[in-house]
Amino acid sequence: MVRTRFAPSPTGYLHIGGVRTALFNWLYARKHGGQFILRIDDTDQNRNVDSALQPILDGFRWLGIDWDEGPEVGGDCAPYFQSQRSDQYQRAVETLLEKGLAYRDYSRTEEVQAEREVAQSAGTSYLYSRNWMAETDAQAAAYEAEGRVAVVRLKMPREGTCLIPDLIRGDVEFQWASEQDMVIQKSNGSCLYHLASVVDDAAFAITHVIRAEEHLSNTPRQIFIAQGLGYDLPQYAHLPYVAEPGSKNKLSKRKIAKYLKNPDFLKLYEHGSRIATTCGNELDPETFNPVLVDFYRDIGFLPNAIVNYLLLLGWSLDGETEDFTRDEMIRAFSLERVVKSPASFDPTKLTAFQQRAMDQLDLKQKTAQSLPYLQQAGFIDTPPNCDTAPYVNSIITASEQRMTVAGDILDYAHFFTDDNALVYDDKSFSKRISNANGAVELLRDFANTLAAIESYNAASVEGAMRQFIADRELKFGQVVQPVRVAITGKPAGFGLFDTLAILGQQRCLNRIERAISLVPISPDNDSA
RNA sequence: GGCCCCUUCGUCUAGUGGCCUAGGACUCCGGCUUUUCACGCCGGCAACAGGGGUUCGAGUCCCCUAGGGGUCACCA
């Protein structure tokens, strides 16, 4: 039975790189009919675990990455919080101590630090002297009499090699002699990550440890612990990390300011900001960050787009296939095809996946996705009244493939504002209306034509406009442009006939009239 | 700095010795379509880090160099 796990620490947010690691674990478990376990690494926790964990669990649920055991679902290996498993770690420490594989160490932090500095300035690699190691109770008592407090350190071998068979990288060798005597239990009695992680992996019967490559170099000490405790070793698979856009540095939540200098990243961020701001949300720098999953959920990305993109970030089936359903990716996934080198996160390509995922949605789904944004922005009632859905449907239908994320519905704010509150884009207004020769007269003239239409719809509006143009021997653009600006306030948008039809006859007339009234009267304005 | 990992178009990648004149995708650039903006369609630019081997033949195997990255906590 394959059992994989992802072990987030409750930090309050879900990092995009973490999601990918979790995804690969999940995929591997699903592929092999195994189980995926979520374990919470809160061994070093002073924070509020509950509130810091919830966003992470919500994020996974939203993405459709479900766990068979863990917080909120329980399981045979409970508890799944490391903070509640300290007795097990304590027993492991004692076993290691008894076997002579660990020792109580009474050095003070400054003393070890000093040794380290000596080694550093000498340019040699550092190894703890074990000068304050206590292997007997008598030694311990003597140190304690000096007021010293013990930590427990691993007594690492100082010769031989450690071979890590890695499913992605092949065999990787480390020299035991270059491994530090890691502290596994702090002076305050709490146990550290490496110990806890190994104990739990064994307790949970994890068969495959699939994690980011930054853990590769600390695998030897984990193997040492596992072997010392008599555990069967899991299979290891070290994934390359997710890198910054356009670089090979590890993607980090904290470097957002730097990433914003990248044009693609900035574009995504601004796109998101526009939506969030229209919704009246404050841009909380702690969560409104394209390195975090919440960002995407907030602006209307689809889970499948993110998962599909992340799947291809460091894995490929054949170099051709790009679109996968969940079932397809589960069937196709394999660790053998994980790429060894780090992959940089490309906001533009993620957006392309999102665009495709959005295009695959049917009208009903798109509307359902969009409604919450209109509500948040206060454009429609909550709950929506019965006319709303059909109205939004017509907008989305007319928009064709212009919406990339659900929040883009807010680009069509002009369908929801009062006629006398429509905001005009200054540049377009002056270019197409106030400074365009004859535009005002033309609008007035066209308003009459519009008013005369009896059966008002996109087709009849189009017929009327074409006739209007033909009668006056105008160019299409001469009419379309000022009308568009007059009724939408914007220079660009979807089909004008659809726009006129959706808005309805009276509202269009109101808007044209208002646009005319807003033209400043000046002597050199010959259109007045 | 020690140790470890990595290195094909700008980016994600295909490639497991001849099918490679190095393929696909995203981006970008042209063109078509067009009522604007998108979509769509057609076309284009663009890569094997460098040097040595091995071989009839190397992106593919070996070695070296260079570059990039990760890790070296009483963090996870």
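The sequence lines fix the lettering, A, B, ..., with proteins before strands; numbering per chain opens at 1.
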> For A/Leu313, report the nucleic acid contact type (base, sugar-phosphate, nothing); a contact means any heavy atom under 4.0 Å.
sugar-phosphate
> For B/C64, is chi within 90° of 0 (syn) or not (anti)?
anti
> Do NZ/NE/NH1/NH2 and the carboxylate oxygens of A/Asp201 and A/Arg5 come within less than 4.0 Å?
yes
> May I ask which nucleotide in the shown strands pairs with B/U16, Watson-Crick or G-U wobble, both distances under 3.5 Å?
none
> Across the strands shown, which category fits A/Phe494 at heavy-atom distances under 4.0 angstrom: base, sugar-phosphate, nothing?
base
> Tell me the interatomic distance from A/Trp315, atom CH2, to B/U13, atom C1', rounded to whole angstroms.
12 Å
> Any base atoms under 4.0 Å from A/Glu179, or only sugar-phosphate, or nothing? Heavy atoms, all strands.
nothing
> Need one value for A/Tyr309: base, sugar-phosphate or nothing, where a base atom within 4.0 Å counts as base even if backbone is also close, heavy atoms only.
nothing
> Do A/Arg85 and A/Asp200 meet the salt-bridge criterion of a basic N to acidic O distance under 4.0 Å?
yes
> Tell me: CG of A/Asp359 to P of B/A38, nearest whole Å?
16 Å
> Using a 5.5 Å cut-off between ring centres and planes within 30 degrees, is A/His215 stacked on the base of B/A76?
yes
> In Watson-Crick or G-U wobble terms, both distances under 3.5 Å, what is the partner of B/C41?
B/G31
> According to the salt bridge (Lys or Arg N to Asp or Glu O under 4.0 Å) rule, which pairs have a member within residues 238-248 of chain A, sequence neighbours left out?
A/Glu244-A/Lys255, A/Glu244-A/Lys258
> At 4.0 Å (heavy atoms only), tell me whether A/Glu400 reaches a base, stays on the sugar-phosphate, or touches nothing.
nothing
> With both distances under 3.5 angstrom, what nucleotide forms a Watson-Crick or G-U wobble pair with B/A73?
none
> Tabulate protein N/O versus nucleotide N/O from nucleotides 21-32 of chain B, keeping only pairs under 3.5 Å, one per line.
from: B/G23; atom 1: N2; to: A/Gly319; atom 2: O; distance (Å): 3.1
from: B/G24; atom 1: O4'; to: A/Glu320; atom 2: OE2; distance (Å): 3.4
from: B/G24; atom 1: N3; to: A/Gly319; atom 2: O; distance (Å): 3.4
from: B/A25; atom 1: O2'; to: A/Glu322; atom 2: OE1; distance (Å): 2.4
from: B/A25; atom 1: N3; to: A/Lys349; atom 2: NZ; distance (Å): 2.8

> Under 4.0 Å, heavy atoms only, any strand: does A/Ser190 hit a base, just the sugar-phosphate, or nothing?
nothing
> Please lay out, stage by stage, how A/Arg158 and A/Asp181 fare under the test salt bridge (charged side-chain N to carboxylate O under 4.0 Å, His left out).
CA-CA 10 Å; A/Arg158 295 214 162 160; A/Asp181 286 358; 3.5 Å; yes
> Do A/Arg402 and B/C37 have a side chain to base donor-acceptor pair shorter than 3.5 Å?
yes
> Between the side chains of A/Glu110 and A/Arg116, is the shortest nitrogen-to-carboxylate-oxygen separation below 4.0 Å, so that they form an ion pair?
no
> Do A/Cys191 and A/Thr43 come within less than 4.5 Å of each other through their side chains, counting heavy atoms only?
no
> Can you find a pair of side-chain heavy atoms, one from A/Leu496 and one from A/Glu462, that are under 4.5 Å apart?
no
> Remember a base hit wins even if backbone is also touched, and classify A/Arg39 as base, sugar-phosphate or nothing at under 4.0 Å, heavy atoms.
nothing
> Between A/Asp425 and A/Lys490, does any side-chain N to carboxylate O distance fall below 4.0 Å?
no
> Expressed as a whole number of angstroms, how long is the span from A/Leu192:CG to B/A76:C1'?
9 Å
> Do NZ/NE/NH1/NH2 and the carboxylate oxygens of A/Glu213 and A/Lys250 come within less than 4.0 Å?
no
> So what does A/Val151 hit on the nucleic acid, given a heavy-atom distance under 4.0 Å: a base, only sugar-phosphate, or nothing?
base
> May I have the distance from A/Phe345 (atom CZ) to B/G10 (atom P), rounded to whole angstrom?
21 Å
> Touch check for A/His238, heavy atoms < 4.0 angstrom, all strands: base, sugar-phosphate only, or nothing?
nothing
> Over all strands shown, is A/Arg484 touching base, sugar-phosphate only, or nothing at heavy-atom distances under 4.0 angstrom?
base
> Show the distances under 3.5 angstrom between N or O atoms of the protein and N or O atoms of nucleotides 42-46 of chain B.
none

> Contact between A/Tyr89 and A/Gln185 at the side-chain level, heavy atoms closer than 4.5 Å - yes or no?
no
> Taking a pair as Watson-Crick or G-U wobble with both distances under 3.5 Å, which nucleotide is matched to B/C9?
none
> Return the pairing partner of B/U54 with a 3.5 Å limit on both distances, Watson-Crick or G-U wobble; otherwise return none.
none
> Over all strands shown, is A/Arg221 touching base, sugar-phosphate only, or nothing at heavy-atom distances under 4.0 angstrom?
nothing
> With sugar-phosphate meaning primed atoms plus P, OP1 and OP2, does A/Phe174 contact a base, only sugar-phosphate, or nothing at under 4.0 Å between heavy atoms?
sugar-phosphate
> For A/Gly495, answer base if it contacts any base atom (sugar-phosphate contacts may also be present), sugar-phosphate if it contacts only those atoms, and nothing otherwise; contact means non-hydrogen atoms under 4.0 Å.
base
> So A/Phe476 and A/Phe497, would you call those rings parallel, tilted or perpendicular, with 30° and 60° as cut-offs?
perpendicular
> Using a cut-off of less than 4.0 Å, is there contact between a side-chain N or O of A/Arg337 and OP1 or OP2 of B/C12?
no
> Select base, sugar-phosphate, or nothing to describe what A/Gly493 touches, counting heavy atoms under 4.0 Å on all strands.
base
> Could you give the CD-to-P distance, from A/Glu214 to B/A73, as a whole number of Å?
16 Å
> Assess whether a salt bridge exists between A/Arg104 and A/Glu135, defined as any Lys/Arg side-chain N lying under 4.0 Å from an Asp/Glu carboxylate O.
no
